[in-house]
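Here is the structure we will look at, set down as structure tokens.
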Amino acid sequence: MLETQLTAQTEHEAPVSIAAGFDPDPAKSLSLRADAYIDPRWHDIEQREVFARSWQWVCHVESLRNPGDYVALPVAGMPIALVRGNDGALRAFYNVCQHRAHHLLAGAGNTGSIVCPYHGWAYDLSGQLHRARETDHVRGFDPSQICLQPVQAEEFGGFIYVNLDSSAKSLAAQSGELGAEIARWAPDVNDLTHVRRFSYEIASNWKNVVDNFLECYHCHIAHPDFVTLVEMDTYRVTTHGIYSSHMARAGHSDNSAYDVEGSSVKDLAVWWLWPNTCLMRYPGRGNFSIMQMVPTGPETTHETIDYYFESPELSEADVESMRYIDEILQPEDIGIVESVQRGMRTPAFSQGRIVCDPGGSGLSEHGVHHFHGLVLDAYRRAGAA
């Protein structure tokens, strides 16, 4: 079994390490091998070593601002519920009743207690069982000893994240200066409100979707409108630990993407956070958007983009900026990554050279290389690279 995990192999080649060709120096490195994008064994390892051990974005703080507010959703394939307690504390639990494992909460809303829809067991907002029907006669039954199973939750940069790994360091500790960067470039992020979500089903491995996001080497070729919005000679990508920042001067003149006249935000400020969350502030009025790529299989990805603005009432420019991303930029990128996925399934490709600019420009792929190094670190933790 270990030998199988340690190698990537096709029908016509000898076993090759999944880390073959990768060099710590991006100027000398090849990309991650195609096998990592198509073989189900790497998908299975990623579920355990990447998604179940990393901080996963959930929602904006506005969704859990008041006592009793809750959000229930799957995280790394596990049912999770987050609740704001009467004491103001944010808590997260496995969304599983301790009686017969039924799910407890669904969607989002506000509640005074957590009541199982199966047998009516009721938990307070701290997760403690406080009522179980018809248990007075059950010998040795002590409700004070029964609690929902906790999960780490954290408010960070205007949003809420969870981590299924109980031993994981806080996101604030892991992410270094990311919180300070968000506060600098988006000081209004806590006060924004959710206005819209777009969802996409992509026929490509999630890592291809991340790879594409992490470089603008393709932008002049694939995104003719985007490069009129952004001054590409100012585009810089900087890697830090578990995130990378992507900054450029943008939105200062007419462009073919969308109208930026009167914009209060005059720069593009984008961050990628390991492993699958992208935080974005585009030119326009006060705004923020979150892109999340969730694998639904070895070669399929569910992607969402959530938009936040200063108010729920949208201006014509707000609508136009979202339309540009949804109807132009996203189809351009989805077409790219689906083509790449098809190409990776052929015998014509195993891996390619990383194009690296020592100056850190957006035309460089050092951000992709940084991501690949983190993926390989996860494989090594699993004893698989």
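All residue numbers refer to positions in the sequence shown, counting from 1.
Across all non-hydrogen atoms, the minimal contact from D124 to H130 is N-CD2, 3.3 Å. Across all non-hydrogen atoms, the minimal contact from L32 to L376 is CD1-CD2, 3.6 Å. Scanning both residues, C216 and M232, for their nearest heavy atoms gives SG-CE, 3.7 Å. Closest heavy-atom contact between D25 and H369: C-NE2, 4.0 Å. Across V270 and M247, no two heavy atoms sit closer than the pair N-SD, 4.2 Å. Considering all non-hydrogen atoms of both residues, Q174 and A168 come closest at NE2-CB, 4.2 Å.
Within the 4.5 Å cutoff, the side chain of L129 has no heavy atoms near those of the C147 side chain. The closest side-chain heavy-atom distance from L30 to I354 is not below 4.5 Å. Looking at Y123 and R131, their side chains never come closer than 4.5 Å, going by heavy atoms from C-beta outward. In this structure, the side chains of W206 and P275 come closer than 4.5 Å at one or more pairs of heavy atoms. Considering only heavy atoms from C-beta on, E299 stays 4.5 Å or farther from R342 through its side chain. Between T300 and P295, every side-chain heavy-atom pair lies at or beyond the 4.5 Å cut-off. Residues W42 and I45 meet the side-chain proximity criterion, which asks for heavy atoms closer than 4.5 Å. The shortest side-chain heavy-atom distance between S175 and E181 does not fall under the 4.5 Å cut-off.
When hydrophobic clusters are built by joining Ile, Leu, Val, Met, Phe, Trp and Tyr residues whose side-chain heavy atoms come closer than 4.5 Å, directly or via intermediates, I160 is not grouped with W55. Residues L329 and I290 fall within the same hydrophobic cluster, defined by Ile, Leu, Val, Met, Phe, Trp and Tyr side chains chained together at heavy-atom separations under 4.5 Å. Hydrophobic clustering (ILVMFWY, side-chain heavy atoms < 4.5 Å, transitive): V209 and M344 are in one cluster. Hydrophobic clustering keeps Y70 apart from V75 (ILVMFWY residues linked when any side-chain heavy atoms are closer than 4.5 Å, directly or through intermediates). The hydrophobic cluster containing L82 does not contain L104, counting ILVMFWY residues as joined when their side-chain heavy atoms lie under 4.5 angstrom apart, directly or transitively.
Within 6.0 Å of CD in Q128 there are more than 12 heavy atoms belonging to other residues, nucleotides or ligands. Atom CZ of F198 has more than 12 heavy atoms from other residues, nucleotides or ligands within 6.0 Å. Under a cut-off of 6.0 angstrom, the local environment of CG in D87 is crowded, with over 12 non-hydrogen atoms contributed by other residues, nucleotides or ligands. Heavy atoms of other residues, nucleotides or ligands lying less than 6.0 angstrom from CD of E261 number 12 at most. Within 6.0 Å of CZ in R380 there are more than 12 heavy atoms belonging to other residues, nucleotides or ligands. Counting non-hydrogen atoms of other residues, nucleotides and ligands closer than 6.0 Å to NZ of K169 gives a total of 12 or fewer.
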- Assess whether salt bridge (Lys or Arg N to Asp or Glu O under 4.0 Å) is satisfied between D306 and R197, documenting all intermediate values. CA-CA 4 Å; D306 286 86; R197 163 173 281 196; 2.9 Å; yes
- Checking side-chain hydrogen bond (donor to acceptor under 3.5 Å, both in side chains) for the pair H246/S244: CA distance, chi angles, key distance, verdict? CA-CA 7 Å; H246 305 246; S244 57; 3.0 Å; yes
- Task: Apply side chain to side chain contact (heavy atoms under 4.5 Å, CB included) to the pair I305 and I325, showing each step before the final yes or no.
- Result: CA-CA 10 Å; I305 305 180; I325 293 174; 4.1 Å; yes
- Task: I would like to know whether E320 and R323 meet salt bridge (Lys or Arg N to Asp or Glu O under 4.0 Å); could you show each step before the answer?
- Result: CA-CA 5 Å; E320 180 63 16; R323 188 203 66 79; 2.9 Å; yes
- Task: Apply the test side chain to side chain contact (heavy atoms under 4.5 Å, CB included) to residues H194 and F309: give CA-CA distance (whole Å), side-chain angles for both, the deciding distance (0.1 Å), then the verdict.
- Result: CA-CA 7 Å; H194 186 264; F309 284 94; over 6 Å; no
- Task: In sequence, state the C-alpha distance, the side-chain angles, and the governing distance for T301 and T296, and then conclude on side chain to side chain contact (heavy atoms under 4.5 Å, CB included).
- Result: CA-CA 5 Å; T301 300; T296 53; 5.5 Å; no
- Message: The test is side chain to side chain contact (heavy atoms under 4.5 Å, CB included); show your working for S321 and R285 and say whether it passes.
- Response: CA-CA 10 Å; S321 66; R285 70 167 178 149; over 6 Å; no
- Under the side-chain hydrogen bond (donor to acceptor under 3.5 Å, both in side chains) rule, what do E231 and H252 come out as? Steps first, then yes or no, please. CA-CA 9 Å; E231 298 179 15; H252 287 263; 5.4 Å; no
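H223 and D333 are linked by a side-chain donor-acceptor pair at a separation below 3.5 angstrom, with hydrogens and angles left out of the test. A side-chain N or O of S54 and one of Q56 form a donor-acceptor pair less than 3.5 Å apart. In this structure, a donor-acceptor pair under 3.5 Å is present between the side chains of S315 and D318. With 3.5 Å as the limit, one finds a donor-acceptor pair spanning the side chains of S256 and T228. With hydrogens and angles left out, the side-chain atoms of H137 and T135 include no donor and acceptor closer than 3.5 Å. Side-chain atoms of T193 and E62 include a donor-acceptor pair closer than 3.5 Å. Side-chain contact, H366 with D357: no donor N or O sits under 3.5 Å from an acceptor N or O.
Remark: aromatic rings of F159 and W271 are distant, center separation not under 6.0 Å. Under the 6.0 Å cut-off for aromatic ring centres, Y118 and H99 do not qualify, their centroids lying 6.0 Å or more apart.
Electrostatic pairing of R53 and D165 counts as a salt bridge here, judged by a charged N lying under 4.0 Å from a carboxylate O. For D35 and R41, the salt-bridge test passes: some basic side-chain N is under 4.0 Å from an acidic carboxylate O. Ion pairing between R353 and E365 fails under the 4.0 Å rule for side-chain N and carboxylate O. Ion pairing of E155 with R84 is present here, as a side-chain N (NZ or NE/NH1/NH2) and a carboxylate O approach within less than 4.0 Å.
Here the side chain of S29 pairs no donor or acceptor atom with the backbone of P26 at under 3.5 angstrom.
Aromatic ring pairs are classed by plane angle as parallel below 30°, tilted from 30° to 60° and perpendicular above 60°; the pair W274 and W272 is perpendicular. The aromatic rings of H240 and Y243 sit parallel to each other, their planes meeting at less than 30°, with 60° as the upper class boundary.
Rounded to the nearest 0.5 angstrom, L73 CG and M78 CE are separated by 12.5 Å. Within the model, atoms CG of D254 and CG of L229 stand 11.5 Å from one another, a figure rounded to the nearest 0.5 Å. The distance from the CZ atom of R100 to the NE2 atom of H119 is 5.0 Å, given to the nearest 0.5 Å.
The only member of N205, N208, D211 that meets side chain to side chain donor-acceptor pair (under 3.5 Å) when paired with Y37 is D211.
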